[in-house]
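Working notes, beginning with the structure itself.
Below, all heavy atoms of this structure are taken into account, side chains as well, without hydrogens, waters or symmetry copies.
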Amino acid sequence: MEHTLERRLAAIVAMDMVGFSRLVGLDEEGTIARQQRLNSEIFQPVIAGNNGRVFKSSGDGLLVEFPSAVSAARACVAIQQSVSEAEKSIDSSKRIAYRIGLHVGDVIVDGDDLFGDGVNVAARLEALAEPATIVASADAHRQFDGRLDADFVSAGSRTLKNISEPVHILQWPADVVLAAPATSKPTVAVLPFENRSSDPDNEFIADGMAEDITTDLSRMPWFNVISRNSTLAHQDNGLDLAESTRQLGVVYVLKGSIRKSADRIRVTAQLVDLATGTQAWANRYDRVFTDIFDIQDEISNAIVSAVGPGFLNAEARRARAKDPTQLDAWECVMRGRPLVMHLGQSETAEARRFFERAVELSGGSIGNADLALVHFLQAFYRWAEPGEDSAAAMVAAADAAVRGDNQDPIVLAIKGWSLMFVGRWDEAVDLFDRAITLAPSFSTVLGFCGSGYCISGAYQKGLDLVERAESLSPQDVFTPLWLMGVYFAHFCLEDYESAEKTVRRALTMAPENPTYRRQLVVTLHLSGRLEERNQALDEYLAVAPDVRASDARKIPGRDREQVERFVQVLLAAGVPD
């Protein structure tokens with residue numbers, strides 16, 4: 001019998017602490033103690049007193065269901081007033097504040113958990129809120145307007161990620177101005193592909209190609225994609241490219257053509273940066289024409305996987321050309337991401353500053369996943385400031401990213417990495433599985449999850465996924481991170497020839513990274529090439545003079561016997577104990 005999902009209308013409140021990672025870094029014990037006191041003395045009694053139910057919680061946030069918009073709004077106002085009063089004597093730099101989003105909408109019931117647009121909209125509204133404020137949807141406000149002593153003021157309509165229609169929002173208190181959207185994620189338009197074949201029936205193939213690419217690109221978290229209907233409407237109006245893209249606010253255009261002859265088909269595609277008129281990416285695909293839908297799917301997947309890295313490279317160049325003090329949230333991420341992939345201490349610290357600024361400017365809607373990766377590196381290499389718990393900060397940032405968008409496959413993959421580091425293996429693998437289900441042909445997702453599978457013990461599955469990711473996107477900016485897991489799989493499988501190829505390739509991308517220097521020492525020792533090993537050891541100790549073999553026990557490999565074997569090889573190779 002087919003299982004029917006239960007649905008209901010609910011008032012949903014999403015609340016999240018502002019700057020949790022920063023506050024924990026400044027005063028971990030004090031922040032957590034005050035947070036626990038706020039929870040026991042304010043949140044729990046106020047929520048219970050208004051018949052609310054917490055259905056999801058994390059280190060710094062809650063999702064709560066209420067029976068009505070009135071009870072939800074009353075609880076939200078009471079919480080914000082009480083938190084402000086409780087924290088008023090704390091130094092402003094360490095003061096706890098919360099953002100709150102409130103929406104009434106349809107939800108899907110899954111045991112004690114809730115999903116659906118009702119939850120997603122509330123989370124998006126929370127991300128828009130300023131510290132110590134509440135942002136409510138008009139749907140919620142209509143139900144509690146005039147029924148509590150709190151004036152909500154209109155803040156206009158906003159387009160929320162993955163929500164089809166703009167949402168009109170209202171804010172409390174009235175004297176705080178809601179910030180304008182702090183991200184300029186570029187907009188991409190996919191133009192109808194040109195049929196350069198003599199057969200007009202091939203228009204069907206060209207139209208299907210553009211439609212599939214538009215759909216797949218819209219699932220990527222990195223840019224906004226103009227709907228197919230909007231693109232076609234502008235084409236039908238006879239507008240030229242410059243005018244139509246200006247009206248649509250497009251920054252990049254993806255265009256292409258198909259040519260079919262006998263049993264061969266050629267598809268060309270290019271991503272054009274309209275600001276400069278240059279190609280950000282271009283490629284050609286030649287195939288034997290068999291099943292039309294198989295060919296269409298294969299080429300569409302290949303184009304989408306390749307466009308992402310080309311687009312990100314162009315955006316990174318654009319961000320580097322701007323004054324760093326004038327960057328918006330998206331541009332901060334673009335400035336930071338190439339830095340963190342150097343996998344060096346100073347570059348990681350600089351990237352962290354950009355990501356923290358992105359989180360601040362966007363209200364948490366952008367930057368948290370990248371920040372989690374920074375904390376991962378700082379925890380693994382002990383690059384954090386004294387007293388800072390990078391592992392906790394890593395998980396907190398990943399949790400915040402998932403709360404912001406639990407359907408973003410890259411966010412899910414990065415959270416999986418963070419959970420691996422703290423030994424929550426089953427949860428991590430579940431997240432990898434979910435991410436791949438959401439984006440089975442997205443190269444960056446395949447690479448992250450494949451590397452994660454390698455580290456978690458599913459060696460061949462992980463290696464196959466990373467190989468597929470690299471075939472789809474040979475220039476992906478995240479490749480150096482993936483290779484850490486690839487090497488670990490080859491080591492555990494005792495395939496030292498492949499291990500050496502992997503680590504030497506990784507060193508061309510991040511020559512100062514201590515992990516790869518360490519891996520090369522182990523590989524050469526196991527291969528019996530002792531003279532080369534000694535040279536590699538000298539180079540390793542020059543990069544990491546204070547290193548100890550026991551540091552390798554921090555490798556987040558699920559098979560701890562293999563990790564210990566790695567440590568013992570380091571000791572045998574001459575790395576200090």
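At least one side-chain heavy atom of Asn195 sits under 4.5 Å from a side-chain heavy atom of Ile258. By the 4.5 Å heavy-atom criterion applied to side chains, Glu347 and Leu377 are not counted as neighbours. Residues Lys554 and Tyr381 form no side-chain contact, since every pair of their non-hydrogen atoms from C-beta on lies 4.5 Å or further apart. Side-chain contact check for Ser137 versus Val104: every heavy-atom pair is 4.5 Å or farther apart. Between Tyr252 and Leu274, every side-chain heavy-atom pair lies at or beyond the 4.5 Å cut-off. The side-chain heavy atoms of Leu493 and Leu463, taken from C-beta on, include a pair separated by under 4.5 Å. Contact check for Pro556 versus Phe421: side-chain heavy atoms found under the 4.5 Å cut-off. With contacts defined as side-chain heavy-atom distances shorter than 4.5 Å, the pair Phe380/Ile555 qualifies.
Few gaps surround NZ on Lys56; more than 12 heavy atoms of other groups in view lie less than 6.0 Å from it. No more than 12 heavy atoms of other residues, nucleotides or ligands shown are found within 6.0 angstrom of CG on Asp112.
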Given side chain to side chain contact (heavy atoms under 4.5 Å, CB included), test Cys492 with Tyr459 step by step and report yes or no. CA-CA 8 Å; Cys492 294; Tyr459 305 128; 3.5 Å; yes

The test is side chain to side chain contact (heavy atoms under 4.5 Å, CB included); show your working for Ile299 and Arg287 and say whether it passes. CA-CA 9 Å; Ile299 297 178; Arg287 298 289 190 274; 3.9 Å; yes

Let me see the working for Ile12 and Phe55 under side chain to side chain contact (heavy atoms under 4.5 Å, CB included), right down to the final yes or no. CA-CA 10 Å; Ile12 303 296; Phe55 63 90; 4.0 Å; yes

Criterion salt bridge (charged side-chain N to carboxylate O under 4.0 Å, His left out) on Glu497 and Lys501, from CA distance to verdict: CA-CA 6 Å; Glu497 181 180 352; Lys501 289 179 180 177; 3.7 Å; yes

Determine, stepwise, if the pair Leu481 / Leu373 fulfils side chain to side chain contact (heavy atoms under 4.5 Å, CB included). CA-CA 10 Å; Leu481 276 178; Leu373 283 180; 4.1 Å; yes

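Remark: the backbone N or O of Leu62 is not paired with any side-chain donor or acceptor of Ser57 at under 3.5 angstrom. Remark: side-chain polar atoms of Arg505 are not paired, donor with acceptor, to backbone N or O of Glu500 under 3.5 angstrom. Of the possible polar contacts, none joining the Tyr285 side chain to the Ser300 backbone as a donor-acceptor pair under 3.5 Å is found. Asn301 places a side-chain N or O within 3.5 Å of a backbone atom of Asp297 that can act as its donor or acceptor partner.
Between Gly485 and Ile455, the closest heavy-atom pair is CA-CG1, 3.8 Å. Of all heavy-atom pairs spanning Leu472 and Ala302, the tightest one is CD2-CA, 4.2 Å. The two residues Val411 and Ala369 have their closest heavy-atom pair at CG2-CB, 4.1 Å. Listed here is the closest heavy atom pair of Leu431 and Gly416: CD1-N, 3.7 Å. Annotation for Gly118 and Val107: closest pair CA-CG1, 4.1 Å, computed over non-hydrogen atoms. The shortest heavy-atom contact between Ala372 and Ile414 is CB-CG2, 4.0 Å.
Expressed to the nearest 0.5 Å, how far CZ of Phe193 lies from CD1 of Ile303 amounts to 4.5 Å. Atoms CG and CZ, on Leu114 and Arg8 in that order, are 5.5 Å from each other to the nearest 0.5 Å. The distance from the OG1 atom of Thr502 to the CG atom of Leu483 is 6.5 Å, given to the nearest 0.5 Å. Rounded to the nearest 0.5 Å, atoms CE (Met394) and CG (Leu371) are 11.5 Å apart. Going from atom CD of Gln519 over to atom NE2 of His490 covers 11.0 Å, rounded to the nearest 0.5 Å. Of the inter-residue distances, the one linking Ser390 atom OG with Trp383 atom CH2 reads 11.0 Å to the nearest 0.5 angstrom.
In this structure, Arg357 does not pair ionically with Glu331, as no charged nitrogen and carboxylate oxygen lie closer than 4.0 Å. Between Arg266 and Asp286 there is a salt bridge, with a side-chain nitrogen of the basic residue lying less than 4.0 Å from a carboxylate oxygen of the acidic one. The pair Arg352-Glu356 meets the salt-bridge criterion, since a charged nitrogen lies less than 4.0 angstrom from a carboxylate oxygen. Residues Arg468 and Glu470 are not paired through a salt bridge, judged by the lack of any N-O separation under 4.0 Å between the basic side chain and the carboxylate. Using a 4.0 Å cut-off between a side-chain N of Lys or Arg and a carboxylate O of Asp or Glu, Arg558 and Asp426 qualify as a salt bridge. Asp60 and Arg403 are joined by a salt bridge, as a carboxylate oxygen and a charged side-chain nitrogen come within less than 4.0 angstrom of each other.
A donor atom on one side chain and an acceptor atom on the other are found under 3.5 Å apart for Glu315 and Trp330. With 3.5 Å as the limit, one finds no donor-acceptor pair spanning the side chains of Asp464 and Tyr453. Using modelled atom types, one finds no donor on one side chain facing an acceptor on the other under 3.5 Å when comparing Tyr487 with Thr515.
The ring pair (Phe, Tyr, Trp, His ring centres under 6.0 Å) pairs that include a residue from residues 255-275 number zero, where partners must be two or more places apart or lie in different chains.
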Distance-only criterion, 3.5 Å: show the donor-acceptor pairs between side-chain atoms of residues 442-450 and protein atoms not counting sequence neighbours.
{"from": "Thr444", "atom 1": "OG1", "to": "Asp476", "atom 2": "OD2", "distance (Å)": "2.7"}

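Judged by the 6.0 Å distance and 45° axis criteria, Arg335 is not positioned over the aromatic ring of Phe355.
Shown are Arg284, Lys255, Gln279; of these, the side chain to side chain donor-acceptor pair (under 3.5 Å) with Gln270 is made only by Gln279.
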